[in-house]
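Structure in structure tokens, see below.
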Amino acid sequence: MILNAQPAASPAERVSICLEKAARQSVIFARSPRYIDLISLECPWPTDRVTVRVHRNQSFELVERVLKPFLAFAGVIADVTYSEYDDSLSVDSDGSADLEMVWIDFNRYNDGASPLAHWLTQRIVTLRSRSSAPILVCDWPANTDDAKAFNEALRMSAGAMAGVYVCEQSEIATSLGASYLDPRSTAIAGNSLSRQATVLTAQALGLQWIPAALGVRIKAVVLDLDNTLYTGVLSEDGVDGIVVTDEHRKLQLDLIELGRRGVFLAIASRNDPRDVSQLLAAGGALEIHEGDLAATMATWDDKAEGILALADRLRIHPGSMLLIDDNAGELAHVASETGVHCLHATDPAATRQCLRLYPGLFRFHVGAEDSERVHDIQASAIRAAELAGASDEVAYRRALGASLRFRMNPDDLVERLHELSTKTNQFNTALHRFTAAEAARYLDDHERRVATVALADRLSDSGVVAAIFARRDRAVLHIDEIAISCRALGRQLEGTMILECVRRMLIELPTSSVTVDWRRGPRNGPALDWLAGCSGPLVGDGGSVVIESASIAPDGVIIQWDGDADAGHG
């Protein structure tokens, strides 16, 4: 499933949520959160409800109790059910949970690292066969050679399974040292975790690991400048008058690292554009430069309007953006008008800590496409400007030198297939939101196919931007979902991508007709407009329509399937 990172709310409710969350930052994101401060927190805003099944040989109940306020900050309430205490880990699951979790005290086993890792891998394989939900496995929180070897083997085996993610509990144990365990708690709590370890485990689960597994994702961090990335006011103090401390620099380097991991960075500042341009120049006062940013909005106009313009430029929904600003009133206003997430910047050290833990920023995996996103958006702006100035649109598109590389059943791209299904909104025909395990089933069933498309031109290599999921049922090829990244839109290649995939699928799964499932969502108008052009008007909120298969390519587009000897030109 995919969650709403920002639950639906009215403008007045969004203001209330923004201010309440700002008031809780010092408690929720604390380096050493206090148990007593957390358990009294109620959740006054809308949330998504999920079911979590915990497979365990030790108690999780105290972690669950303190987990609630952290998950609530992420917009989630969890209904947790438990297995029996079971050293054999029978993984009893009926497949109905939204999330499966393995919570094991590895000190209860006398096996060596390799046999223990092999045994746990087989238990996870069994659980994977019974449930298509994401599976979280907490690693061995010990500093022994056996624990280190086991954890390395666990990461390797989990990486080979769809939708299985390792939670590095060992990092919490390392950070606490001897304070991680409290043997006195075993009789009371059913495990030997200290209270501090219990709270930090709940913090990591509630703010990072569970949201990441369930699809909560921040796609862009939008930054204020004054008294956020430095101390001072640019319009009054000038570039030479602002103060950039070591903590400010560390904050900026943390943000740059987020950009490298695929999160868009943007500036939204009420300042003179010329001053901002000078401030962001390479070799200037800041660590962050223009080249690190996907977009910059410097204007004296309303900041909420600027945020919406940034969302449009980045082709993402405002609800997947995080605004960092020192002005609580500005945050509240922007939240009311746009629905963005908001982080109140108090001092840079505290902001760094909040940024490290903010729900939706943690990733279990970072793929090649993640690191290319900023360059791709910058290239998109160049592409649009060149097209606007071109006297011959057809000739310009031919000169771009677009190439499409197709793959059928790419078993090394399961996470990317899952990501395209769950994260694409504008061009997603059926909104099925496949889990990684569900996506992987298209690779294993001889009556199913999934094709991917990678896109490049002379300005950028966008990587894998599209996935088409299909299955044959008697004489019909059913296209269950078509998902194309918004970064690929606007180059008039969507039809070529889809129809070329369908053409190849019909060679491998011959049928007499092709249907496409569709469902009307809040943002998938572009996908449905394309589908209506192939099938006729779409009536109602969903269904299945017949399309004609063909292979069409704009002049000059290079088309190649992996394994084919020669590329074809449209």
Side-chain angles (χ1 to χ4, degrees), residues 1 48-68 70-71 76-111 115-142 147 150-151 153-155 157-158 161-170 172-173 181 185-193 197-206 208-214 364 435-438:
M1 72 179 300
D48 287 297
R49 185 173 291 274
V50 302
T51 56
V52 178
R53 179 71 172 168
V54 177
H55 308 270
R56 46 74 178 277
N57 69 353
Q58 62 176 331
S59 173
F60 186 77
E61 280 80 356
L62 283 183
V63 178
E64 180 198 352
R65 186 179 182 192
V66 75
L67 173 65
K68 292 178 181 179
F70 295 117
L71 271 182
V76 178
I77 288 179
D79 296 321
V80 182
T81 62
Y82 293 95
S83 72
E84 299 295 329
Y85 291 101
D86 181 11
D87 283 334
S88 67
L89 200 64
S90 59
V91 291
D92 54 329
S93 175
D94 62 3
S96 63
D98 299 309
L99 179 72
E100 309 277 357
M101 182 175 170
V102 178
W103 176 249
I104 293 294
D105 178 359
F106 295 101
N107 294 313
R108 296 172 62 90
Y109 303 93
N110 295 319
D111 310 65
L116 184 58
H118 177 75
W119 167 79
L120 182 59
T121 297
Q122 294 308 307
R123 303 318 301 144
I124 297 171
V125 168
T126 299
L127 179 57
R128 176 79 295 156
S129 70
R130 297 174 181 175
S131 172
S132 61
I135 299 173
L136 294 182
V137 185
C138 291
D139 70 0
W140 190 347
F150 169 84
N151 288 339
L154 175 62
R155 281 190 290 271
S157 61
M161 288 185 277
V164 178
Y165 309 105
V166 176
C167 302
E168 295 188 344
Q169 186 76 10
S170 53
I172 298 174
L181 297 177
S185 72
T186 303
I188 301 171
N191 65 48
S192 58
L193 270 66
T198 297
V199 173
L200 288 179
T201 299
Q203 186 184 56
L205 279 166
Q208 295 179 302
W209 299 333
I210 291 177
L214 293 177
F364 283 107
T435 66
E438 289 168 338

Query raised in the report: So W103 and F60, would you call those rings parallel, tilted or perpendicular, with 30° and 60° as cut-offs?
Result: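 It falls in the perpendicular class, over 60°.
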**Report entry** Under 3.5 Å donor-acceptor, D139 side chain and S170 backbone
**Finding:**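 Indeed, once roles are kept as given, a pair shorter than 3.5 Å links the two residues.
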Query - Any side-chain heavy-atom pair of V80 and V54 under 4.5 Å - result: yes
**Report entry** Under 3.5 Å: donor-acceptor pair, side chain of N57, backbone of D105
**Finding:**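 Indeed, once roles are kept as given, a pair shorter than 3.5 Å links the two residues.
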Query raised in the report: Passes side-chain hydrogen bond (donor to acceptor under 3.5 Å, both in side chains), S59 versus N191? Steps please.
Result: CA-CA 6 Å; S59 173; N191 65 48; 4.6 Å; no
Report task. Check whether any side-chain heavy atom of F70 sits under 4.5 Å from a side-chain heavy atom of L205, and report yes or no. Result ->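 SC-SC contact between F70 and L205 ruled out.
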**Report entry** Heavy-atom side-chain contact between L71 and K68 under 4.5 Å
**Finding:**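 A side-chain contact is absent here, since even the closest heavy-atom pair is not under 4.5 Å.
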Query raised in the report: Quick one: CD1 on I135 to CG on L127, what's the gap to the nearest 0.5 Å?
Result: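 Output value for this atom pair is 4.0 Å.
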Query raised in the report: Using 4.0 Å as the upper bound for N to carboxylate O, is an ion pair formed by D79 and R49?
Result: yes
Query raised in the report: Can you name the one residue among E100, R53, R128 that meets side chain to side chain donor-acceptor pair (under 3.5 Å) with S93?
Result: E100
Query raised in the report: Is D92 salt-bridged to R130, going by a charged N under 4.0 Å from an acidic O?
Result: no
Query raised in the report: Is a donor on one side and an acceptor on the other found under 3.5 Å between the side chain of Q169 and the backbone of C138?
Result: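 Judged by distance alone, no pair lies under 3.5 Å.
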Query raised in the report: Under 3.5 Å, side chain of Y109 to main-chain N/O of D87, donor-acceptor pair present?
Result: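 Yes, because the side chain of Y109 sits within donor-acceptor range (under 3.5 Å) of the backbone of D87.
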Query raised in the report: Does any non-hydrogen side-chain atom of V76 lie less than 4.5 Å from one of V50?
Result: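 Sidechains of V76 and V50: in contact.
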Query raised in the report: Are the side chains of I124 and L154 in touch, meaning some heavy atoms are under 4.5 Å apart?
Result: yes
Query - D86 side chain vs S90 backbone, donor-acceptor pair below 3.5 Å - result: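 Yes.
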Report task. Report the distance from atom CH2 of W209 to atom CG of L136, rounding to the nearest 0.5 Å. Result ->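 It comes to 9.0 Å.
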Report task. Give a yes or no on whether the backbone of A197 and the side-chain of T201 come within a donor-acceptor separation of less than 3.5 Å. Result ->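 Here the side-chain-to-backbone pair exists.
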Requested in this report: Please round to the nearest 0.5 Å and tell me the distance separating atom CD of Q58 and atom CZ of F106.
Outcome: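 If we round to the nearest 0.5 Å, Q58:CD and F106:CZ are 9.0 Å apart.
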Query raised in the report: How far apart are the closest heavy atoms of V166 and A158, and which atoms are they?
Result: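 Looking at all heavy atoms of both residues, the shortest contact is CG2-CB, 3.6 Å.
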Query raised in the report: So, does Q122 use its side chain to make a donor-acceptor pair with the main chain of W119 at under 3.5 Å?
Result: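 Flag not set: sc Q122 to bb W119 has no pair under 3.5 Å.
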Query raised in the report: Is there a donor-acceptor pair under 3.5 Å between the side chain of T121 and the backbone N or O of S157?
Result: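 A pair under 3.5 Å: no.
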Report task. Evaluate the side-chain proximity of M101 to Y82: yes if any heavy-atom separation is below 4.5 Å, no if none is. Result ->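 When only atoms from C-beta onward are counted, M101 and Y82 do not touch, as no gap falls below 4.5 Å.
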**Report entry** Minimal non-hydrogen separation, P211 against G206, with atom names
**Finding:**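 For P211 versus G206, the nearest heavy atoms are CG-O, 3.2 Å.
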Query raised in the report: Given side chains that start at C-beta, do those of L89 and L120 come closer than 4.5 Å, heavy atoms only?
Result: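 Counting from C-beta outward, L89 and L120 do come under 4.5 Å.
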Query raised in the report: At what distance, to the nearest 0.5 angstrom, does OG1 of T198 lie from CG of L67?
Result: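 Output value for this atom pair is 11.5 Å.
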Query raised in the report: Nearest 0.5 Å, what's the OG-CZ distance between S88 and R123?
Result: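 S88 OG to R123 CZ: 7.0 Å, rounded to 0.5 Å.
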Query raised in the report: Does R56 offer a backbone N or O that forms a donor-acceptor pair with the side chain of S83 under 3.5 Å?
Result: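 Flag set: sc S83 to bb R56 pair under 3.5 Å.
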Report task. Measure across A142 and A147 and return the closest heavy-atom pair with its distance rounded to 0.1 Å. Result -> O-CB, 3.5 Å
Query raised in the report: From S131 OG over to D98 CG, what is the distance, rounded to the nearest 0.5 angstrom?
Result: 9.0 Å
